[in-house]
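All values below were derived from every heavy atom in this structure, side-chain atoms included, with hydrogens, water molecules and symmetry-related copies excluded.
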Protein chains: 4
Amino acid sequence: MGKREDILMATLDLITVEGLQSVTFAKIFKHAKVGSGTVYNYFNNKEELVNELYKEIGTHMSNFVIENYDVNETLYEKFKFFLKKMAEFAINYPKEIQFLENYSHSPYISEEIRNKPVPTMNEFFTIILEGQKQGIIREMNLMMCCQIVTGLILSVIRGFLNNKYPLGEVEIQQTIESCWKAIKI
Amino acid sequence: MGKREDILMATLDLITVEGLQSVTFAKIFKHAKVGSGTVYNYFNNKEELVNELYKEIGTHMSNFVIENYDVNETLYEKFKFFLKKMAEFAINYPKEIQFLENYSHSPYISEEIRNKPVPTMNEFFTIILEGQKQGIIREMNLMMCCQIVTGLILSVIRGFLNNKYPLGEVEIQQTIESCWKAIKI
Amino acid sequence: MGKREDILMATLDLITVEGLQSVTFAKIFKHAKVGSGTVYNYFNNKEELVNELYKEIGTHMSNFVIENYDVNETLYEKFKFFLKKMAEFAINYPKEIQFLENYSHSPYISEEIRNKPVPTMNEFFTIILEGQKQGIIREMNLMMCCQIVTGLILSVIRGFLNNKYPLGEVEIQQTIESCWKAIKI
Amino acid sequence: MGKREDILMATLDLITVEGLQSVTFAKIFKHAKVGSGTVYNYFNNKEELVNELYKEIGTHMSNFVIENYDVNETLYEKFKFFLKKMAEFAINYPKEIQFLENYSHSPYISEEIRNKPVPTMNEFFTIILEGQKQGIIREMNLMMCCQIVTGLILSVIRGFLNNKYPLGEVEIQQTIESCWKAIKI
DNA sequence: CATGAATGAGGGTTCATTCAT
DNA sequence: AATGAATGAACCCTCATTCAT
């Protein structure tokens, strides 16, 4: 019954609590209730395990965010949709978003995997670009513009995950509004 | 020249390039051109060394940002001043800001040190709070409001450090403007 | 075709190429195209497998050498016959002779099997002993005398296996002659 | 006091008794009365340790055999000298000769080191070659001729090491005589 | 203060062996 | 009889830390 899943989940759990730094295989084996050699039937080594975890979580988030996405909506609606979905993902899968947040810049994740373009993100870039063309969003470096929006919302999420404040409907609305104001004309 | 400084600088250099994960004492000794036992004259162990580094960099940034700060300026000017100084710090000390960014949430940094209130940050909180009282800044959770601003600017800086775009005067102005719009009424 | 044979042959192949040192069961399974558990239907463990291989190869060589042996020939003819047959065996079954050569003194082969008297060898001893009695072969320790002859021919074979020179009819004749001269009066 | 030597000696002892096959680092540490990490101050890994041992023993034997060698002696005297010295070395350093014997063809010893030409051997080759030129030694492949002599004497030594017979002055003389007869005209 | 050889607990990984299918 | 996923003891090796110099 899904040893692979068991191992990945145990790894995520442990990294969340103790940090990648101090997660040892011994802990993973114990937590996943699996023999020490079993991991190597699924992953060639520790690095591969963590990278695989990163990939799976990335895919999960991507799929979650894109679900029910309607291309034909107005630009603003699509913008809001994305941010709302990201907030929802964070609330539903705090460990996963925290993992992505913490290690998406870590050298432990292979450059190849780290820089793999995420379709969801590309879609989001397109929205911003379109907004600039329509004169709704301010002229500025496209990458920087994205960085502003995603940085803002993820920062708010991080604050929530660190128990600095609740993240209910109201706060989500306020944050999305902030994102929009930050880049609109 | 101070061995202590040599060790701290070597540590920062190595962490920047390879990540805390793979920085060993052996590498630090070699890079700092210091005998292996020497570290223990200054730091009790590796964790203490990293935490000390964290503290020193935090202080450095704090001092840098607060320098030339004028309490008597208008609220908006003070707001801009802080953000500009943070951007300048990032440009002048990329390794340091990157270190703070990457490890300020790591369990490797002791909770005590990580959560120590930074005077500079308190001053910034005060500005936001004052703005809300004066009806210039939107009513929202104070912590969240701060998270929005700092998250936004640091995200832009991160993008710059990752070579996604340049960070000249124009971009800094745009970013500060975005910060302000994101939270003003 | 017999799985048992497949396993033994795969083992011999691998040992020849990589040395007993680095031959693992995993490699044997793969090379023999056999499930990992299958070996245990035939051999109780790895040591037994290797010892069994040793035994089989020993028997094979013994049978090969004794084939067509004529007890009624002159002593010198019988002497030449044996040595010629050993050389032929080496040429026809290089992996097998190499295996015997390399591991006949290894502690990995159980003492019991290693020291089991080989009928063929006994026959050879008898020839030497007879030669000494007849005053054709020099008086010296019987074991040492055998050691001289077998060591000489096997050394020549080893050189051939290591590609130091060819081993044609001429060389075989020369070697046998050397053997004879080395021990005759 | 000579940890490096301690480790090399412990390794040789263990290999002699148990075979390279089953010599683990744990056993070496224990036998050498050395901390487990200490080995790595002298050797990068196990393979390097064994190869280094091989090299040192090879040098030792070479030096031993060449000692007191007189180039101006007659060819036959020089021939005898070498073989006598090899026998003496075997008697005085049985573990070392056994190690060389067993592993000089093992893939565990790097090809580079294994095939490094030994000056002593070259000198011996020269003697044989000279003998052939003078018409004292039979015409045959030079390498094979050497293989005959060295194989013969080493085989006798091996028999002695395996307690098959004593190896006193008489036996040594007989063996050297056999060597000479085996290749002379 | 400064050094670096020595240490050994603990890390990731291998691999002979088992057992349910 | 045949399989191969699962196992865990034991492997090699790393690295923070100590201590005699």
Side-chain angles (χ1 to χ4, degrees), chain A residues 1-4 6-7 21-30 32-50, chain B residues 2-4 6-7 11 21-30 32-50, chain C residues 2-4 6-7 11 21-30 32-50, chain D residues 1-4 6-7 21-30 32-50:
Chain A
M1 47 171 71
K3 299 264 175 197
R4 205 188 114 100
D6 289 355
I7 293 163
Q21 181 70 196
S22 68
V23 171
T24 68
F25 261 21
K27 290 175 186 172
I28 293 174
F29 302 147
K30 219 170 158 185
K33 284 171 188 169
V34 150
S36 70
T38 302
V39 165
Y40 295 91
N41 293 329
Y42 298 101
F43 310 98
N44 285 321
N45 52 49
K46 191 180 167 185
E47 198 160 338
E48 193 177 306
L49 162 59
V50 174
Chain B
K3 300 262 176 198
R4 202 187 116 100
D6 289 354
I7 292 163
T11 307
Q21 182 71 199
S22 69
V23 171
T24 66
F25 260 23
K27 288 177 185 172
I28 293 174
F29 303 147
K30 218 169 158 185
K33 285 170 187 168
V34 149
S36 69
T38 304
V39 165
Y40 294 90
N41 292 326
Y42 300 101
F43 310 97
N44 285 320
N45 53 46
K46 191 179 169 184
E47 199 160 337
E48 192 178 305
L49 162 58
V50 174
Chain C
K3 300 263 175 197
R4 202 187 116 100
D6 290 353
I7 293 163
T11 306
Q21 181 72 195
S22 68
V23 171
T24 67
F25 261 23
K27 288 176 185 172
I28 294 174
F29 302 147
K30 218 168 156 187
K33 285 171 188 169
V34 150
S36 68
T38 303
V39 165
Y40 294 90
N41 292 327
Y42 299 102
F43 309 97
N44 285 320
N45 53 46
K46 191 179 167 183
E47 200 160 335
E48 192 178 307
L49 162 59
V50 174
Chain D
M1 49 171 71
K3 299 267 174 193
R4 205 188 113 101
D6 290 354
I7 293 164
Q21 180 71 194
S22 68
V23 171
T24 68
F25 261 21
K27 290 176 184 171
I28 294 175
F29 302 146
K30 221 168 155 184
K33 285 171 188 169
V34 149
S36 69
T38 303
V39 165
Y40 295 91
N41 292 329
Y42 299 100
F43 311 96
N44 285 319
N45 52 49
K46 191 180 168 184
E47 198 161 337
E48 194 179 304
L49 162 58
V50 174

Compare the minimum distances between each of [options] and the side chain of [X], then state the nucleotide with the smallest one.
X: B:Tyr40; options: F:dT14, F:dT18, E:dT14; answer: F:dT18
X: C:Thr24; options: F:dA6, E:dA16, E:dC1; answer: E:dA16
X: C:Asn41; options: F:dA2, E:dA16, F:dA16; answer: F:dA2
X: B:Val34; options: E:dT3, E:dC1, F:dA2; answer: E:dT3

How close do C:Thr24 and C:Lys46 get, counting heavy atoms only, and between which atoms?
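Taking C:Thr24 first and C:Lys46 second, the nearest heavy atoms are CA-NZ, 4.3 Å.
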
Position toward the 5' end of DNA chain E (nearest nucleotide), B:Tyr42 or A:Asn44
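The residue mapped nearer the 5' terminus is B:Tyr42.
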
Residue met sooner reading DNA chain E from 5', once A:Lys46 and D:Thr38 are mapped to nucleotides:
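Residue closer to the 5' terminus by nearest nucleotide: D:Thr38.
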
Return the [atom1] to [atom2] distance between [X] and [Y], rounded to the nearest 0.5 Å.
X: D:Ser22; Y: C:Gln21; atom1: OG; atom2: CD; answer: 9.5 Å
X: B:Ile28; Y: B:Phe43; atom1: CD1; atom2: CZ; answer: 9.5 Å
X: D:Tyr42; Y: D:Leu49; atom1: OH; atom2: CG; answer: 13.0 Å

Mark yes or no for a side-chain to base donor-acceptor pair under 3.5 Å between C:Ser36 and F:dA5, with no hydrogen or angle criteria applied.
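A donor-acceptor contact between them is present.
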
Watson-Crick or G-U wobble mate for F:dA20, both contacts under 3.5 Å
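Pair assignment: F:dA20 / E:dT3.
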
For F:dT14, give the paired nucleotide (Watson-Crick: N1-N3 plus N6-O4 or O6-N4; G-U: N1-O2 and O6-N3; both under 3.5 Å), or none.
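Per the H-bond distance test, E:dA9.
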
Name the residue closer to the 5' end of DNA chain F, choosing between B:Phe25 and D:Asn45 according to the nucleotide with the nearest heavy atom.
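Result: D:Asn45.
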
Rounded distance (Å) that lies between atom [atom2] of [N] and atom [atom1] of [X]:
X: A:Ile7; N: E:dG12; atom1: CD1; atom2: P; value: 14 Å
X: A:Asp6; N: F:dT7; atom1: CG; atom2: P; value: 10 Å
X: A:Ile28; N: E:dG10; atom1: CD1; atom2: P; value: 18 Å
X: A:Phe43; N: F:dA6; atom1: CZ; atom2: P; value: 12 Å
X: B:Gln21; N: E:dG12; atom1: CD; atom2: C1'; value: 13 Å
X: C:Phe29; N: E:dT14; atom1: CZ; atom2: P; value: 16 Å
X: B:Lys30; N: F:dC15; atom1: NZ; atom2: P; value: 12 Å
X: B:Lys33; N: E:dG4; atom1: NZ; atom2: C1'; value: 18 Å

List the steps and the verdict of ring-ring contact (aromatic ring centres under 6.0 Å, His included) for D:Phe25 and D:Tyr40.
CA-CA 11 Å; D:Phe25 261 21; D:Tyr40 295 91; 5.7 Å; yes

For E:dG11 and A:Lys27 - does any side-chain N or O of the residue sit under 4.0 Å from the phosphate oxygens OP1/OP2?
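Answer no for this pair, as no side-chain N or O of A:Lys27 is under 4.0 Å from OP1 or OP2.
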
